[in-house]
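The block underneath contains the structure these notes are about, expressed in structure tokens.
All ligand and atom numbering here is 1-based and tracks the order in the structure. Just so you know, these numbers use all the heavy atoms, side chains as well, and skip hydrogens, waters and symmetry mates.
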Amino acid sequence: MNHSISLTINGARRKVELDDPRVTLLDLLRERLDLTGTKKGCDRGQCGACTILVDGRRINSCLALAVSFDGAEITTIEGLARGDELHPVQAAFIAHDGFQCGYCTPGQIMSAVGLIAEGQAGDDPERVREAMSGNICRCGAYKGITEAVIEAQAHMTGAKRGEAA
Ligand code: FES
Ligand code: FES
């Protein structure tokens with residue numbers, strides 16, 4: 001039996017027919033909607049490569065059954081840049097060499113965007129590392145990742161304050 005769900009993905013409304021209720025959001029994005037920026041590492045909730053935002057909160061999409069997310073708003077790595085203009089977190093990862101092979105990077109960046117929105121990490125590298133600990137980097141680019149998150153956070157909260165002033 002098919003299940004029909006509707007999702008808003010990177011601002012665009014999509015109606016999706018699921019022929020299998022067990023399909024995960026990760027497989028839906030990658031295999032059926034051609035959004036392959038979100039990576040599959042472990043497929044069991046241990047590496048964070050598949051991190052996306054659902055209704056603004058970061059989740060591991062490999063553990064999420066698509067059928068449970070009818071009506072949700074989803075942001076993937078493909079939805080961050082505005083045309084040629086990178087999202088501040090993307091720009092900070094480049095500026096701080098926050099990657100080597102790049103496989104974990106979309107998940108790291110989505111997790112960082114979620115973390116900054118949570119407003120919990122502050123500028124303490126230890127706390128940032130802890131808050132990003134669900135995202136594993138086999139290349140060990142943690143120093144650059146942490147610096148990038150701190151810089152992007154400062155930039156984005158400064159920009160917000162500027163808007164409010
Ligand atoms: Fe989802 Fe590893 S692929 S946590
Ligand atoms: Fe290679 Fe993180 S940059 S796994």
Under 2.8 Å from atom 2 (Fe) of ligand 2, protein N/O/S atoms total 2
With a 3.5 Å cut-off and no angle check, do the side chains of Thr8 and Arg13 form a donor-acceptor pair? yes
Are the side chains of Ile5 and Phe69 in contact, using a 4.5 Å heavy-atom criterion? no
May I ask you to decide if Arg22's main-chain N or O and Asp20's side chain share a donor-acceptor pair within less than 3.5 Å? yes
Please name the pair of heavy atoms, one in Tyr142 and one in Cys137, separated by the smallest distance, quoted to 0.1 Å. OH-N, 2.7 Å
Heavy-atom distance under 4.5 Å between the side chains of Arg138 and Cys104, does that happen here? no
My understanding is that only one of Thr24, Leu28, Leu29 makes a side chain to side chain contact (heavy atoms under 4.5 Å, CB included) with Leu26; could you say which? Thr24
Do other residues, nucleotides or ligands put more than 12 heavy atoms under 6.0 Å from Glu118 CD? yes
Pairs under 3.5 angstrom only: tabulate donor-acceptor contacts from the side chains of residues 42-56 to other protein residues two or more places apart or in another chain.
unit_1, atom_1, unit_2, atom_2, d
Thr51, OG1, Gly48, O, 2.6
Thr51, OG1, Asn135, ND2, 3.4
Asp55, OD1, Glu73, N, 2.9

With a cut-off of 2.8 Å, which protein N/O/S atoms are close to atom 1 (Fe) of ligand 1, if we only count those under it? Cys50 SG, Cys62 SG
Compile the donor-acceptor pairs under 3.5 Å between side chains in residues 94-103 and protein atoms, sequence neighbours left out, one pair per line.
unit_1, atom_1, unit_2, atom_2, d
His96, ND1, Glu147, OE1, 3.3
His96, NE2, Glu151, OE1, 2.7
Gln100, NE2, Cys139, O, 3.4
Tyr103, OH, Lys40, N, 3.4
Tyr103, OH, Lys40, O, 2.5

